[in-house]
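Order of the sequence lines sets the chain letters (A, B, ...), proteins ahead of strands, with each chain counted from 1.
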Protein chains: 2
Amino acid sequence: MYSGSIKMNSSRRKLNDAGKRFTPQRALVMDIIRQGRGHLDADEIFRRARERESRLSLSTVYRTLHMLKELDMVDELHFGENHHHYEAKPAREHHHLVCLGCGRVIEFSYPLSRYLKKAVPEMKGFDINEVEISVAGYCDRCRRARRR
Amino acid sequence: MYSGSIKMNSSRRKLNDAGKRFTPQRALVMDIIRQGRGHLDADEIFRRARERESRLSLSTVYRTLHMLKELDMVDELHFGENHHHYEAKPAREHHHLVCLGCGRVIEFSYPLSRYLKKAVPEMKGFDINEVEISVAGYCDRCRRARRR
DNA sequence: ATGCAATTGCAAATCATTTGCAATAATAAT
DNA sequence: ATTATTATTGCAAATGATTTGCAATTGCAT
Ligand SMILES: [Mn+2]
Ligand SMILES: [Mn+2]
Ligand SMILES: [Zn+2]
Ligand SMILES: [Zn+2]
């Protein structure tokens, strides 16, 4: 199903340490998220996984995504749609611009959590688990095309 | 269904100007969002509206929310759940802390859009329509209760 | 008051995600 | 290596949120 890479053993380790089993379907989903360069939704992950392993079920994809989120190996992104997107946990904090015209997702890094802690009084005593900025608008290309 | 207030006439104006009709069900939904001090989800809006007008349908609530969002009279909030929340378009830009323990929503103001435009190079040429920060974590109270 | 398009309620449809369960397979123990 | 123990899987059916088709109703310009 999926043979191996540098990342694979460390993934197996992480799962096993958490009392989880390292299955081929989980390896496949992880691989697709990593190769997909983030921002895939559950169904897209499912479709791509299916090309490689046609017996895989959508429930397994969902269950795996849950688990990976739980283990902090993926982030779940919310683009204001009614489904989520997933990306491999990135090294540095970054956020996303989503173009309402073409759907393109542009990443930018911005250490929001740090700024918030400094700048926002309501933040005192609040223990941050997860911060997400999302910006919707029109990218360069689409903006040009549309004004007129 | 709903009689009137200072806001009502301006709402009627806004709708009519946009070629929309000012119906009692729309007035009711708007009123509930305003009184509810924001952060209600569609179903909660529906339940509250129903107490006052039992024939109102859930589709009408959804259709109205869509329209109000389109006309920029409400904001749709995404708390990382699989449904949305709504609040009357606020005067000043503010964002939300959501407590994973008790569900409480704490507001804070932070002019993110301004900062982003200054600080983020990817922002050049991007035309912002909507910016949302959401922070999930544990509030003061819950944090205390939980550690141990 | 009239006419007509916009809006409504209702039921059925759709979309995203979850769940129950019996069969299968990953790991730990032999 | 074999076996036993349980987590995991696939599948089908359930759920939750939102949307849609349609005939009946109603706002609003005339
Ligand atoms: Mn990203
Ligand atoms: Mn608010
Ligand atoms: Zn674009
Ligand atoms: Zn709390």
Side-chain angles (χ1 to χ4, degrees), chain A residues 1-4 8-9 11-30 39-47 49-71 74 76-86, chain B residues 1-4 8-9 11-30 39-47 49-71 74 76-86:
Chain A
M1 197 173 227
Y2 176 66
S3 40
M8 210 192 68
N9 295 306
S11 295
R12 156 168 270 134
R13 171 79 114 299
K14 270 184 206 154
L15 296 208
N16 289 349
D17 286 357
K20 304 290 180 188
R21 293 176 181 179
F22 185 78
T23 67
Q25 24 282 77
R26 285 172 176 174
L28 177 55
V29 168
M30 288 185 257
H39 318 138
L40 304 180
D41 60 34
D43 200 63
E44 181 61 26
I45 292 167
F46 175 60
R47 268 179 278 127
R50 241 186 180 208
E51 281 172 25
R52 295 213 232 151
E53 190 56 43
S54 64
R55 257 173 56 80
L56 181 83
S57 88
L58 183 54
S59 337
T60 297
V61 171
Y62 277 111
R63 286 189 277 231
T64 300
L65 290 172
H66 256 134
M67 190 205 66
L68 294 173
K69 188 159 65 121
E70 210 57 44
L71 300 183
V74 305
E76 190 180 70
L77 307 177
H78 307 97
F79 292 160
E81 301 166 297
N82 47 351
H83 61 263
H84 316 306
H85 292 248
Y86 299 86
Chain B
M1 199 172 226
Y2 175 66
S3 40
M8 211 191 70
N9 293 306
S11 295
R12 157 169 270 134
R13 172 79 115 298
K14 269 183 206 154
L15 296 208
N16 288 351
D17 286 358
K20 305 288 181 189
R21 293 177 181 178
F22 185 77
T23 67
Q25 24 283 77
R26 286 172 176 175
L28 176 55
V29 168
M30 288 186 254
H39 317 141
L40 304 180
D41 60 34
D43 200 65
E44 181 61 26
I45 292 168
F46 174 60
R47 269 178 277 126
R50 238 181 184 213
E51 281 171 25
R52 298 212 231 151
E53 190 58 43
S54 62
R55 256 173 57 80
L56 180 83
S57 89
L58 184 54
S59 337
T60 298
V61 171
Y62 277 111
R63 285 190 276 231
T64 301
L65 290 172
H66 257 135
M67 188 204 67
L68 293 174
K69 187 159 63 122
E70 210 57 46
L71 299 184
V74 305
E76 190 180 69
L77 307 176
H78 308 97
F79 293 159
E81 302 167 297
N82 48 349
H83 61 263
H84 317 305
H85 292 248
Y86 298 86

### Query
For A:Tyr86 and A:Leu65, which heavy atoms make the closest approach, and how far apart are they?
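Answer, listing the atom of A:Tyr86 first, then A:Leu65: CE1-CD1, 3.6 Å.
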Problem - Heavy-atom closest contact (B:His39 atom, B:His85 atom, distance) - result: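 In this case the closest contact between B:His39 and B:His85 is O-ND1, 2.7 Å.
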For [X] and [N], what is the distance between atoms [atom1] and [atom2] respectively, to the nearest whole Å?
{"X": "A:Glu76", "N": "C:dT17", "atom1": "CD", "atom2": "P", "answer": "8 Å"}
{"X": "A:Arg50", "N": "D:dT9", "atom1": "CZ", "atom2": "P", "answer": "15 Å"}
{"X": "B:Leu28", "N": "C:dT8", "atom1": "CG", "atom2": "P", "answer": "11 Å"}
{"X": "B:Leu58", "N": "C:dT8", "atom1": "CG", "atom2": "C1'", "answer": "13 Å"}
{"X": "B:Phe46", "N": "D:dT19", "atom1": "CZ", "atom2": "P", "answer": "15 Å"}
{"X": "B:Met67", "N": "D:dG27", "atom1": "CE", "atom2": "P", "answer": "15 Å"}
{"X": "A:His66", "N": "D:dT8", "atom1": "NE2", "atom2": "C1'", "answer": "16 Å"}
{"X": "B:Phe22", "N": "D:dC28", "atom1": "CZ", "atom2": "C1'", "answer": "13 Å"}

Does [X] reach the side chain of [Y], with side-chain heavy atoms less than 4.5 Å apart?
{"X": "A:His83", "Y": "A:Asp43", "result": "no"}
{"X": "A:Met30", "Y": "A:Leu15", "result": "yes"}
{"X": "B:Glu53", "Y": "B:Glu51", "result": "no"}
{"X": "B:Arg52", "Y": "B:Leu28", "result": "yes"}

Any side-chain N or O of [X] below 4.0 angstrom from OP1/OP2 of [N]?
{"X": "A:Arg21", "N": "C:dA28", "result": "no"}
{"X": "B:Gln25", "N": "C:dG9", "result": "yes"}
{"X": "B:Tyr62", "N": "D:dT19", "result": "no"}
{"X": "B:Thr23", "N": "C:dT7", "result": "no"}
{"X": "A:His84", "N": "C:dT17", "result": "yes"}
{"X": "A:Arg12", "N": "C:dA26", "result": "no"}

How would you label the contact of B:Asn16 with the nucleic acid (heavy atoms, under 4.0 Å): base, sugar-phosphate, or nothing?
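Touches sugar-phosphate only.
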message = Given D:dT8, D:dT18, D:dC11, identify the nucleotide with an atom nearest to the side chain of A:Arg26.
response =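 From the listed options, D:dT8 comes nearest.
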Mark yes or no for a side-chain to base donor-acceptor pair under 3.5 Å between A:Ser59 and C:dT19, with no hydrogen or angle criteria applied.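 A donor-acceptor contact between them is present.
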query = Has the side chain of B:Arg63 got a donor or acceptor that lies under 3.5 Å from a partner of the other kind on the base of C:dG9?
reply =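 Check passes, donor-acceptor contact within cut-off.
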Result of checking A:Thr64, A:Val61, A:Leu56 against A:Gln25 for side-chain contact (heavy atoms from CB on, under 4.5 Å):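 That would be A:Leu56; it is the only one of A:Thr64, A:Val61, A:Leu56 passing the side-chain contact (heavy atoms from CB on, under 4.5 Å) with A:Gln25.
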- Do the rings of B:His84 and B:His78 sit parallel, tilted or perpendicular, given the 30° and 60° boundaries?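 Judged by the thresholds at 30° and 60°, the geometry between B:His84 and B:His78 is perpendicular.
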Intra- and inter-strand pairing of DNA chain C, written as dot-bracket with Watson-Crick and G-U pairs under 3.5 Å and | for the latter, reads ||||||||||||||||||||||||||||||
Pick the nucleotide of DNA chain C nearest each of B:Thr60 and A:Lys20; which residue has the one closer to the 5' end?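 By nearest-heavy-atom nucleotide position, the 5'-most residue is B:Thr60.
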Hey, which of these two, A:Ala42 or A:Arg55, hits DNA chain C nearer its 5' end, going by closest nucleotide?
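That would be A:Ala42.
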